[in-house]
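Presented below is the structure to which this report refers.
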Amino acid sequence: QVQLVESGGGSVQAGDSLRLSCAASGRAFSSYDMGWFRQGAGEEREFVAVIRWSGGWTYYADSVKGRFTISRDNAKNTVYLQMNSLKHEDTDVYYCAADAGGVVHRKYNYWGQGTQVTVSS
């Protein structure tokens, strides 16, 4: 079991940067693959990025590739999402997730409460 709490969201202008953090508590954080997803009102939850438990492999949605970077610090039980060159279309609630990994949100068993990111054009 792991509990996840996101932070770092906010309202920014297009072109700005934000760094989201996801702090985990509970057992065996370092054994979980971690993902970031986002969701708009009335929309399906969308994959953003995933990082392997070791940090040795990452994968990104095409829409964020080259702008976002996922990383983790297992000593701090925290995963990060550095978001640069933000666009209006990045506006969403961002969630971190833990467990099986991959790009399909239904395969993750543990979720944070979400943090709002709003980008003004």
Calculate, to the nearest 0.5 Å, the distance between atoms [atom1] and [atom2] belonging to [X] and [Y] respectively.
X: M34; Y: L81; atom1: CE; atom2: CG; value: 11.5 Å
X: S31; Y: D99; atom1: OG; atom2: CG; value: 8.5 Å
X: L86; Y: T118; atom1: CG; atom2: OG1; value: 10.5 Å
X: S21; Y: L4; atom1: OG; atom2: CG; value: 12.5 Å
X: D16; Y: D90; atom1: CG; atom2: CG; value: 11.5 Å

Whether the side chain of [X] engages the backbone of [Y] through a donor-acceptor N/O pair (distance < 3.5 Å, no angle test) should be reported.
X: T91; Y: V119; value: yes
X: D92; Y: Y94; value: no
X: N74; Y: W53; value: yes
X: Q113; Y: E6; value: yes

Under the 6.0 Å and 45° cation-pi test, does R72 pair with F29?
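Because its charged atom sits under 6.0 Å from the ring centre and within 45° of the axis, R72 does stack over F29.
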For [X] and [Y], which heavy atoms make the closest approach, and how far apart are they?
X: G9; Y: L20; answer: N-CD2, 3.6 Å
X: S121; Y: Q13; answer: O-OE1, 4.4 Å
X: Y60; Y: I70; answer: OH-N, 2.9 Å
X: S17; Y: N84; answer: OG-OD1, 2.9 Å

Remaining members of the apolar cluster that contains F37, side-chain heavy atoms under 4.5 Å:
F47, V50, W57, Y59, V93, Y95, V103, V104, Y108, W111
Quick one: does R38's side chain get under 4.5 Å of S63's, heavy atoms only?
yes
When you look at R67 and M83, which way does the side chain to side chain contact (heavy atoms under 4.5 Å, CB included) test go after all the steps?
CA-CA 6 Å; R67 299 188 299 121; M83 306 186 295; over 6 Å; no
Any Lys/Arg nitrogen of K65 or D62 sitting under 4.0 Å from an Asp/Glu carboxylate oxygen of the other?
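Salt bridge present between K65 and D62.
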Ion pair check, E44 and R106, cut-off under 4.0 Å:
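Here E44 pairs with R106 in a salt bridge, since their nearest N and O are under 4.0 Å apart.
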Check against side chain to side chain contact (heavy atoms under 4.5 Å, CB included), Y110 and Y32:
CA-CA 10 Å; Y110 306 109; Y32 290 115; 3.7 Å; yes
Does V2 belong to the same Ile/Leu/Val/Met/Phe/Trp/Tyr cluster as Y80, with side-chain heavy atoms less than 4.5 Å apart forming each link?
no
